[in-house]
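Here, residue 1 is the first one in the sequence, and each next residue gets the next number.
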Amino acid sequence: MKELYRKRQHLQQRKLMKYLRLVFNDHFTLVLFILFGGGMYFYSNGLKGVTPHQSWLLLVVSFLWLCLLQVGHLASLVQPADEHFLLPKEGAFLTYLKTAFYRSLTLPLLTLLLGVGVAAPLLMILQKGATINLVSFVLLLWSLKATQLLFQVGNFYPTCSLAPMKKFFLLYSVLLVVGACYLPAIAVTLLSILVCIFVYRQLFFSPDLGSLAWGQMIAAEKKRMKRIYQFLALFTTVPEINSSVKRRWGLDFLLRKIPQRQQQTYFYLFARRFLRGNDYSSLWLSITSLGVVLILTLQNFYGVIGVGVVFLYLLGLQLLPLSQHFDYMTLTLLYPISLQQKRQNFLQLLGPVLLAMAFIFVFSGLWVLTWLQTSLFLGILGLEIFIFCYLYAPRRLSRLGRL
C-alpha cells in the first residue's frame, strides 16, 4: 500500500509540474517578487508605529494563522476504480491512508513557517517574539494541522469514535491559537501536541474502525483536485476543467453591436465566448472585485498604482489562452481569414476588456486619491494597456505559436 501511494504521488507531481512551469513563468515570478518586496516595504513602515501596548494586534495575527490552517487537505490520491479493485484490500487500506497523512503534512508546514516568519517582527515588538515562543507557535500550528488531517482521515470511517470530537475542532483551534498569544505558548503547544497524539492513537491503533466509506473518500479527493485545477486554470488551459456556457440575455446588446462583416468574424467569436463562458467572465469579475477591495483599503498612492498595474497585467496574461479557444474546431480552418486578422480580432477584444477593468479601478481610486493622483493613475493604466496589447501580447502569442 505504501508503494502504491508513492507511485501515485510521483505521477501526480509530474503532472502538476507540467502546469506549474507554465504558471510560474519568468514574468509572473518577477511580478510575485515585486509584490512581495512592496508588501514587506509597507509592512516594515507599518511596524514603526506599533507599540508593545497594542496587544489587540495579536488577535489579528491569530486570525491570519487560523486562515493558514485551512491551506492543505488530505491528499488521498484515490481513484474511482479503487472502490471496486481495492475493495478486497480494505483491511490494509488504513496503511495507505497513514502514508497519505504523513505526505500531506509537508505543504502546511512550509506555509505555517512562512506565516510565523512574517509575523515574527510584529511579535517581537509585542514582546511575544522570543525564539522559544516562535518555535512553540510553529509546533502549535503544525500539531493543529495534523489533528485536522487526522479528522479528515476519520471522516472516511463513519463509525469512528472521532466523529463527535470533530464538531468542536474549529472552536478548539481558535481557543488554542488565541490562548498561545496571550498565555505561555509552551504550555498551550504541549496541550495541542498531546491532543494530536491522542487522536492519532485513536485512529491508527483502534481495533475496529468499521467499514470504509469509499464514495465519500473518492468525492473528497475529486473536490480537492478540482480546487487545484481551478487555480491552475487561472493561468493556463487545463483539460480537466469543464467550463460551462450560459447565455446572458442582458449582455446580448454588446454582441449585436459587432458589425456582421468577414473581418469581424473572430472578434464576434471571442466576444461571445468571453461573455457567455463562465471561466473568462468569472475570472474578470473576481480579479476586478479583489482589485477594487484592495484599492479601497489602501491609503497610499503608490500602493494603489501597484495594485492596479499588477492586477491589470495578471488579467491580460490570463486572458491570452482565449486566443486558441477555437483552434480545436476543424471548421474554423476553412474560414478565409488570415492569422493576422485573427490576431487583430483578439487584440480588438483584449483592449476593451482591460480598459473596462481600468476604468473601474480609477473610479474606485476617486475615494482614496486626489484628482491629480487619479488622473496620473488613469494615465499609467492607459499606458500599460497600450504596451500590453500592442507590444507584449503580439510577441508572446507569436512565441507560443498561438497566433
Checklist entry - What do the steps show when you test Tyr172 against Phe168 for ring-ring contact (aromatic ring centres under 6.0 Å, His included), and what is the final call? => result CA-CA 6 Å; Tyr172 166 75; Phe168 303 99; over 10 Å; no

Next on the checklist: Any heavy-atom pair between the side chains of Val78 and Phe93 that's under 4.5 Å?
Outcome noted: yes

Checklist entry - Measuring from Thr147:OG1 to Leu69:CG, what's the distance to the nearest 0.5 Å? => result 10.0 Å

Checklist entry - Is a side-chain N or O of Ser104 found less than 3.5 angstrom from the main chain of Ala75, in a donor-acceptor match? => result yes

Item to check | Heavy-atom check, side chain of Leu94 versus side chain of Tyr157, under 4.5 Å | outcome: yes

Next on the checklist: Can you tell me if Arg227 has over 12 outside heavy atoms packed within less than 6.0 Å of its CZ?
Outcome noted: yes

Checklist entry - Hey, is CG on Leu170 packed in by over 12 heavy atoms from elsewhere, all under 6.0 Å? => result no

Checklist entry - Are any of the side-chain heavy atoms of His10 and Arg14 separated by less than 4.5 Å? => result yes

Checklist entry - Would a distance-only check, ignoring hydrogens and angles, find a side-chain to backbone donor-acceptor pair under 3.5 Å from Gln152 to His73? => result no

Item to check | Main-chain N/O of Lys2 paired to Thr99 side chain as donor or acceptor, under 3.5 Å | outcome: no

Next on the checklist: With rounding to the nearest 0.5 angstrom, report the CZ to CD1 distance, Phe377 to Ile380.
Outcome noted: 8.0 Å

Next on the checklist: Are the side chains of Leu4 and Arg8 in contact, using a 4.5 Å heavy-atom criterion?
Outcome noted: yes

Item to check | Worked check of side-chain contact (heavy atoms from CB on, under 4.5 Å) between Leu123 and Leu58 | outcome: CA-CA 8 Å; Leu123 295 174; Leu58 292 174; 3.7 Å; yes

Checklist entry - Between Phe388 and Tyr392, how do the two ring planes meet: parallel, tilted or perpendicular, split at 30° and 60°? => result tilted

Checklist entry - How far apart are the C-alpha atoms of Leu140 and Ser136, what are their side-chain angles, what is the distance that settles it, and do they pass the side-chain contact (heavy atoms from CB on, under 4.5 Å) test? => result CA-CA 6 Å; Leu140 167 66; Ser136 299; 6.0 Å; no

Item to check | For the student: nearest non-hydrogen atoms of Val50 and Gln54, plus distance | outcome: CA-OE1, 3.1 Å

Checklist entry - What pair of heavy atoms forms the shortest contact from Ser76 to Tyr96, and how long is it? => result O-OH, 2.6 Å

Checklist entry - So Phe270 and Phe346, would you call those rings parallel, tilted or perpendicular, with 30° and 60° as cut-offs? => result perpendicular

Item to check | Short side-chain to backbone donor-acceptor contact, Glu83 and Pro80, under 3.5 Å | outcome: no

Next on the checklist: For the CG atom of Leu141 and the CG atom of Leu109, what is their distance to the nearest 0.5 Å?
Outcome noted: 10.5 Å

Checklist entry - Is there a side-chain contact between Phe301 and Val304, using heavy atoms and a 4.5 Å cut-off? => result no

Next on the checklist: Before you tell me yes or no, could you show the steps for Tyr43 and Val118 under side-chain contact (heavy atoms from CB on, under 4.5 Å), namely the whole-Å CA-CA distance, both residues' side-chain angles and the distance that decides it to 0.1 Å?
Outcome noted: CA-CA 9 Å; Tyr43 179 50; Val118 171; 4.2 Å; yes

Next on the checklist: Is there a side-chain hydrogen bond (donor to acceptor under 3.5 Å, both in side chains) between Lys15 and Gln12? Walk through the geometry before answering.
Outcome noted: CA-CA 5 Å; Lys15 185 177 183 180; Gln12 189 201 43; over 6 Å; no

Next on the checklist: On a heavy-atom basis, which atom in Leu74 and which in Phe156 lie closest, and how many Å separate them?
Outcome noted: CD2-CE1, 3.6 Å

Checklist outcome for this item: Gly115 and Trp65 have their tightest heavy-atom pair at O-NE1, 3.5 Å

Checklist outcome for this item: The side chain to side chain contact (heavy atoms under 4.5 Å, CB included) partner of Ile218 among Gln216, Lys222, Glu221 is Lys222

Item to check | Geometric cation-pi criterion Lys98 and Phe205, 6.0 Å radius, 45° cone | outcome: yes

Checklist entry - Distance from Met1 atom CE to Leu86 atom CG, nearest 0.5 Å? => result 5.5 Å

Checklist outcome for this item: Note: Arg395 and Leu391 closest approach over all heavy atoms is CG-O, 3.3 Å

Checklist entry - Do the side chains of Leu139 and Ser143 get nearer than 4.5 Å, heavy atoms only? => result no

Next on the checklist: Do Met217 and Leu97 have side chains that approach each other closer than 4.5 Å (heavy atoms only, starting at C-beta)?
Outcome noted: yes

Checklist entry - Is a side-chain N or O of Lys145 found less than 3.5 angstrom from the main chain of Gly72, in a donor-acceptor match? => result yes

Checklist entry - Considering only heavy atoms from C-beta outward, does the side chain of Leu47 approach that of Leu122 to under 4.5 Å? => result yes

Next on the checklist: Can you tell me how far apart CD1 (Ile287) and CD (Gln318) are? Round to the nearest 0.5 Å.
Outcome noted: 4.0 Å

Next on the checklist: Can you confirm whether Phe386 is buried at CZ, in the sense that more than 12 heavy atoms of other residues, nucleotides or ligands lie under 6.0 Å from that atom?
Outcome noted: no

Next on the checklist: Looking at Ala146, is its backbone amide N or carbonyl O close enough to the side chain of Tyr200 to form a donor-acceptor pair, meaning the two atoms are under 3.5 Å apart?
Outcome noted: no

Next on the checklist: As an exercise, state the distance from CG of Leu315 to OG1 of Thr288, rounded to the nearest 0.5 Å.
Outcome noted: 6.0 Å

Next on the checklist: For Val309 versus Glu384, what's the shortest heavy-atom pair and its separation?
Outcome noted: O-OE2, 2.7 Å

Item to check | Residues Cys196, Trp142; criterion side-chain contact (heavy atoms from CB on, under 4.5 Å); working and verdict | outcome: CA-CA 10 Å; Cys196 181; Trp142 199 28; over 6 Å; no

